[in-house]
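Given the structure is predicted, the values throughout are model-derived calculations rather than measurements. Letters A, B, ... mirror the listed sequences (proteins, then strands); counts begin at 1.
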Amino acid sequence: MSAINNLIVKVGRSVGGVVGTLYQAGRDSVDTVIRNVIPFMAFISFIIGLILTTGIGDWIAQGLKGSASTLPGLLIISVICAIPLISPLLGPGAVIAQIVGTLLGVEIGKGNIPAQYSLPALFAINPQVGCDFIPVGLALGEAEPETVEVGVPAVLFSRLVTGPLSVVIAYFASFGLYSSK
Amino acid sequence: MNFNSLVLLSAEATVDKPDGFLGALATGAEEFIKIFNEGGKVFLSLMGGILPTLIVLLTAVNALVRLIGPEKIENLGKAAARPGLRWYPVRYMLLPFVSVFVLTNPMAYTMGRFLPERFKPAFYDSAVSFVHPILGIFPHANPGELFVYVGIATGITQLGYGLGDLAVRYLLVGLVVIFIRGILTEVITARMMKKGA
């Protein structure tokens, strides 16, 4: 009898555990969506609305069209974003990258920027990723203060090279992407 | 009944267009509200288009990670700490990928604690550079910064193309880039540590 009892308890526990985990996962994801994703969607929607209805879109388009639809233009964007003094300022929350990404998306949607440039553009707007977060990120990895002292400039200088390099790699990887034959 | 016609001030004009001072005000008001109507349309399309899939995907992956247990990847962290050329891809491609996938931003960087000090900045650089390329296929890793990818992807969708090609290429190029970034930052860190000592 006790063997059956134990079995029932065991099954009940593990099923309860799985269901509880799934439920908690659902709660977590809805929480993330409400706190992080929807507010940003609201903000981005306002910006897109502003761009689409007012004339702002036209001069942004003029500015971006020249720079975002050629390889040298994208390289210039990536170099600017990777400058060690600027990159930590552009980093926080990836807000700048998200806004610029959205602006580029609008222009790609209108056909002002060729679709195949979406891939290199994703890298061109983002060489500063995490540059604001280096000391915290290293502390999360339990780094010594001396490592942080060396690590911050090391990452920032590395970006100056790998930022533009990533654009070049993405540019060559974008051949055949959304191109009509 | 069409609910759009209920939206404030934007009802179809059935009388003469207002003119004069008040007319200018009225036109201005209509232009003003047009911005937010357009924004609202975009908002609704984002909510309807991305959110349902995102919530379900987030739930599935969160549950998977919880059931497996994040502590399982610690062995990988220990393996990545080994010196030697063949552990480079593990340290700067596999480990960042797995830690960003399982632990997500920002807890992924805690995996650095298994590495010796001289690899830590390089691993951070590598891992943090991967929190966006992964978004195309696994948005659960960094939902707060989704629009780095979704912003541009929306343009592609508008053109009527599929996103699979872009998402896969973004992920693959991202892997190559974080690998190069890891190696270069490791070299720079080594130089600077030598100079400091």
Working note: Q158(B) + V106(A), criterion side chain to side chain contact (heavy atoms under 4.5 Å, CB included); need CA distance, chi angles, decisive distance, verdict. CA-CA 9 Å; Q158(B) 269 170 19; V106(A) 172; 5.9 Å; no

Are V30(A) and I55(B) close enough, and set up right, to give a side chain to side chain contact (heavy atoms under 4.5 Å, CB included), and what steps lead you there? CA-CA 6 Å; V30(A) 170; I55(B) 291 176; 4.2 Å; yes

Apply side chain to side chain contact (heavy atoms under 4.5 Å, CB included) to residues M41(A) and F147(B) and explain how you reach the verdict. CA-CA 8 Å; M41(A) 280 184 174; F147(B) 275 85; 3.6 Å; yes

With side chain to side chain contact (heavy atoms under 4.5 Å, CB included) as the criterion, how do L165(A) and L184(B) come out once you've worked through the C-alpha distance, each side chain's angles and the decisive distance to 0.1 Å? CA-CA 12 Å; L165(A) 186 63; L184(B) 187 71; over 6 Å; no

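I44(A) touches chain B through its side chain: at least one heavy atom from C-beta onward sits under 4.5 Å away, while N, CA, C and O do not. Both the backbone and the side chain of L166(B) come within contact range of chain A, with heavy atoms under 4.5 Å apart. Heavy atoms of Y149(B) lying under 4.5 Å from chain A belong to its backbone as well as its side chain. If you measure heavy-atom distances from I125(A) to chain B, the contacts under 4.5 Å come from the side chain alone. Contacts between I99(A) and chain B at a heavy-atom distance below 4.5 Å are absent for every atom of the residue. When heavy atoms are compared at a cutoff of 4.5 Å, I134(A) approaches chain B by way of both its backbone and its side chain. When heavy atoms are compared at a cutoff of 4.5 Å, V65(B) does not approach chain A at all. With a 4.5 Å cut-off on non-hydrogen atoms, Y124(B) touches chain A through its side chain but not through its backbone. Interface residue T21(A): backbone and side-chain heavy atoms are both found under 4.5 Å from chain B. When heavy atoms are compared at a cutoff of 4.5 Å, F133(A) approaches chain B by way of both its backbone and its side chain.
With respect to chain A, the highest number of heavy-atom pairs below 4.5 Å among V173(B), I180(B), I35(B) belongs to I35(B). In terms of heavy-atom pairs under 4.5 angstrom with chain B, the leader among L22(A), V136(A), I47(A), L138(A) is L138(A). Of all the listed residues (G137(A), G17(A), S29(A)), the one sharing the greatest number of non-hydrogen pairs under 4.5 Å with chain B is S29(A). Taking chain A as the reference chain and counting heavy-atom pairs below 4.5 Å, the highest number among I156(B), V131(B), V176(B), L115(B) is found for I156(B). With chain B as the partner, the residue from Q24(A), E146(A), R35(A) showing the most heavy-atom pairs under 4.5 Å is Q24(A). Comparing K120(B), M47(B), R118(B) by how many heavy-atom pairs each has under 4.5 Å with chain A, the most go to K120(B). Taking chain B as the reference chain and counting heavy-atom pairs below 4.5 Å, the highest number among Y23(A), F157(A), F123(A) is found for F123(A). Options V33(A), D28(A), L122(A) differ in how many heavy-atom pairs under 4.5 Å they form with chain B, and the most are formed by L122(A). Note: E117(B) leads E38(B), H140(B), E117(B), K34(B) in heavy-atom pairs under 4.5 Å with chain A. Most heavy-atom pairs under 4.5 Å with chain A, from the set Y170(B), Y161(B), F123(B): that is Y170(B). Here G141(A) is the residue among G141(A), G26(A), A143(A), G111(A) with the most heavy-atom pairs under 4.5 Å with chain B. Chain A forms more heavy-atom pairs under 4.5 Å with one residue of V150(B), L64(B), L67(B) than with any other, namely L67(B).
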Distance-only criterion, 3.5 Å: show the donor-acceptor pairs between side-chain atoms of residues 166-175 of chain A and protein atoms not counting sequence neighbours.
from	atom 1	to	atom 2	distance (Å)
S166(A)	OG	T162(A)	O	3.4
S166(A)	OG	G163(A)	O	2.5
S174(A)	OG	Q116(A)	NE2	3.2
S174(A)	OG	Y171(A)	O	2.7

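Rounding to the nearest 0.5 angstrom, the gap separating the CD1 atom in I108(A) from the OG1 atom in T157(B) is 10.5 Å. To the nearest 0.5 Å, atoms CG (L140(A)) and CE (M111(B)) are separated by 13.0 Å. Rounded to the nearest 0.5 Å, atoms OG1 (T32(A)) and CG (L146(B)) are 11.5 Å apart.
Of all the heavy atoms in G109(A) and L159(B), the pair that sits closest is O-CD2, 3.5 Å. Minimum heavy-atom separation, L46(B) to S45(A): CD1-OG, 3.8 Å. Nearest heavy-atom pair, A63(B) versus A25(A), reported as atom, atom and distance to 0.1 Å: N-CB, 3.4 Å. Shortest non-hydrogen contact noted between P121(B) and V155(A) is O-CG2, 3.8 Å. The two residues P153(A) and M192(B) make their nearest non-hydrogen contact at CG-CE, 3.5 Å.
One hydrophobic cluster holds both I137(B) and I134(B) under the rule that ILVMFWY side chains link at heavy-atom gaps under 4.5 Å. V56(B) and F138(B) are members of different hydrophobic clusters when ILVMFWY side chains are connected at heavy-atom separations under 4.5 Å. Residues L171(B) and L95(B) fall within the same hydrophobic cluster, defined by Ile, Leu, Val, Met, Phe, Trp and Tyr side chains chained together at heavy-atom separations under 4.5 Å. Linking ILVMFWY residues whenever their side-chain heavy atoms come closer than 4.5 Å, directly or via other members, leaves L160(A) and L156(A) in distinct clusters. There is no path of hydrophobic side-chain contacts, each under 4.5 Å, that joins L44(B) to L50(A).
Proximity of I38(A) to L51(B): side-chain heavy atoms (C-beta onward) are separated by under 4.5 Å at one or more points. A heavy-atom distance below 4.5 Å is not found between the side chains of I152(B) and Y117(A).
Taking the six-membered ring where tryptophan is involved, the planes of F46(A) and F36(B) are essentially parallel, since the angle between them stays under 30° and well short of 60°.
Qualifying side chain to side chain donor-acceptor pair (under 3.5 Å) partners for T185(B), counting only residues two or more places apart in sequence or in other chains: S158(A), D125(B).
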